[in-house]
Amino acid sequence: MSASNAKKQLLESFSRTTDEIFSLNEFEELIDSKKKIRIKYGVDVTSPYLHIGHAVNLWMMRELQDLGHKVVFLIGDFTTQIGDPTGRNNTRPIIPQSEIDKNAEEFIRQAKMVLRFDDPDLLEVRRNSEWFSKYQLSEFLKLLSMVTHSRLISRDMFQRRIKNQEDIYLHEMIYPILQGYDSYVLESDLTIIGSDQLFNEMLGRFYQQRFGQKPQVIITTKITQGIDGKAKQSKSLDNYIGLGHSSRDKFGRCMKVPDELILDYLKIYTKVPKEEIHMIEKEIVRDPMRWKKFLAEEIIKRYHDETSAKNEREWFENTFSKKITPKDIPVLEIGGSQWVAIDLVNKYFDNSKSSSEVRRLFKQGAVSVNGENISLFDASIEIMTGDVVKVGKRNWFKIKIVGN
RNA sequence: GGGGAGGUUCCCGAGUGGUCAAAGGGAACAGACUGUAAAUCUGUCGGCUCAGCCUUCGAAGGUUCGAAUCCUUCCCUCCCCA
């Protein structure tokens, strides 16, 4: 393939998930230069949960890795201690270093589902405490002297807060400066981010220029609403499909996506060709569920494999459509066959639920043994190996009586 | 430094001496319907040895037969002025 073809293909591929580029010209120049691109990937490891939205950026970086470029994976261990104010209205708790290390490890574990970590030529891990922990106040003041107050508060989030007469703490204003400075230290050529990071990374460009470096290209990526159809995906709203979720959970979560979002999800979170998506667009009204399952399979294929995708689909159809009790359910080993119903359920939940809550489940008709509803929590029941107990919509367990 | 407002059950938010385990909404859970979509209906939603009892309304004391509600002290948050 010719170089210009490769470039065309890359741009084409990127356009699918790109929101904005600063700037397209500079990006093309960068590709044309044949230089090995350094892609800064800065992460705040406050909460190490990557979802398929984050992965959009990772896949773009992976594509560049496959072309021989290098991701500089920057753990913002120093800045995490300050806490990025983005989208926050209260101060973050201070996180101890040990926690940061643990989170970083978990973060990497998930990022490995997409990025290549196996080749030091394609990825290096850095921490910004490397430079900030020994940073001199005098140097820092020099950094500050380059940026004006009005520039910092021009950020939309700060504007909003000013308008709402909310506080802006000084460390929050400093955060973008430090994040920007990272770009200079790492000699970043490119960074691929969510649009909420745009302001901070723009400061990166600014500092790079001031220090005589070529400013990094910034690509912001598209985001979708979460699986609840409301806000964007987030851990706290639990409306995300996480890389850390099992293939089964991924499937289930995909099935929760509102119909109207299926096409967007296909476009942004899978590699299904454009033409095919066009075709689906015409079909989808007729049978949205079919395409939702298709989406779920595609996502699982991407992070797991084809067999899992098929299996999870089958499991889902059997369990929820055909209402067949799944085979691979947990086994509860118990000592005898005579039980008071509530004790059995408590044992399954390992006493993690209060007994009031479990009683309610009984009262509400959520508990059954072999399909037979048990509504009295204090009912005496006789059970044997192989009996299946169901609690609520999604909890089953199988009895196994072990000798004593 | 001065003045003002406030801290209620997961969240928002009512409640100003008994009828308050605390309105209403959201989230969540269960049931019906169903495509683990949307919409809808019903119920639950502090704990327990559960028709009763115990612990909650920032914290600690106090007044009272009785306090989320009144008093005192303390802690915290927010707003305005300087």
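Residue numbers start from 1 in every chain, and the chains themselves are labelled A, B, ... in the order their sequence lines are given, proteins ahead of strands. Keep in mind it's a predicted model, so treat the numbers as computed, not measured.
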Problem set entry | Opposite nucleotide pairing with B:A5, Watson-Crick or G-U, both atom distances under 3.5 Å | B:U77
For this session: Report the relative orientation of the aromatic rings in A:F132 and A:F78; use parallel for angles under 30°, tilted for 30 to 60°, perpendicular for over 60°.
Result: tilted
Exercise. Taking atom P of B:C11 as reference, at what distance in whole Å does atom CG of A:N239 sit?
Worked result: 19 Å
For this session: Give me the ring orientation class for A:H245 and A:Y240: parallel if the planes are under 30° apart, tilted from 30 to 60°, perpendicular past 60°.
Result: tilted
Seminar exercise, completed: Expected string for nucleotides 35-45 of chain B under the B/S/- scheme (protein heavy atoms, under 4.0 Å, primed atoms plus P, OP1, OP2 as sugar-phosphate) is BBB-----BSS
For this session: Measure the distance from CG on A:L376 to C1' on B:A51 and round it to the nearest whole Å.
Result: 15 Å
Problem set entry | C1' spacing across the pair B:U77 / B:A59, given as an integer number of angstrom | 15 Å
For this session: Using the C1' atom as the reference point in each nucleotide, state the distance between B:G61 and B:C50 in Å, no decimals.
Result: 33 Å
For this session: Provide, to the nearest angstrom, the distance between the CZ atom belonging to A:R359 and the C1' atom belonging to B:A30.
Result: 17 Å
Problem set entry | Nucleotide paired to B:G24 in any strand shown, Watson-Crick or G-U, under 3.5 Å | B:C12
Problem set entry | Any A:S354 side-chain nitrogen or oxygen under 4.0 Å from OP1 or OP2 of B:C48 | yes
Exercise. If you measure from the P atom in B:C10 to the same atom in B:G47, how many Å do you get, rounded?
Worked result: 10 Å
Exercise. Using the P atom in both, what is the distance from B:U36 to B:A30, to the nearest Å?
Worked result: 14 Å
Exercise. Checking all strands, does A:T319 fall into the base, sugar-phosphate, or nothing category for heavy-atom contacts under 4.0 angstrom?
Worked result: nothing
Seminar exercise, completed: Test side chain to side chain contact (heavy atoms under 4.5 Å, CB included), reference A:T221, set A:T18, A:I192, A:D19, output is A:I192
Problem set entry | Whole-angstrom distance between B:G6 and B:A68, as gauged at atom C1' | 15 Å
Problem set entry | Cation-pi geometry met for A:R302 and A:W59 (6.0 Å, 45°) | yes
Exercise. CG of A:L361 versus P of B:C29: gap in Å, rounded?
Worked result: 11 Å
Exercise. Closest approach of A:R16 and A:T270, non-hydrogen atoms and distance?
Worked result: NH2-O, 3.0 Å
Exercise. On a whole-Å scale, what distance lies between the P atoms belonging to B:U73 and B:C78?
Worked result: 23 Å
Problem set entry | Partner nucleotide of B:G43 by Watson-Crick or wobble geometry (both distances under 3.5 Å) | B:C29
For this session: Could you measure between the two C1' atoms, the one in B:C20 and the one in B:C33, and give it in whole Å?
Result: 36 Å
Exercise. Cation over ring, A:R360 on A:F377, under 6.0 Å and within 45°?
Worked result: no
For this session: Could you tell me whether the side chains of A:Q179 and A:Q197 share a donor-acceptor contact shorter than 3.5 Å?
Result: yes
Exercise. When you compare B:C45 with B:G24, how far apart are their C1' atoms, in angstrom units rounded to a whole number?
Worked result: 15 Å
Exercise. Now, which nucleotide makes the Watson-Crick or G-U wobble pair with B:C57, with each of the two distances under 3.5 Å?
Worked result: none
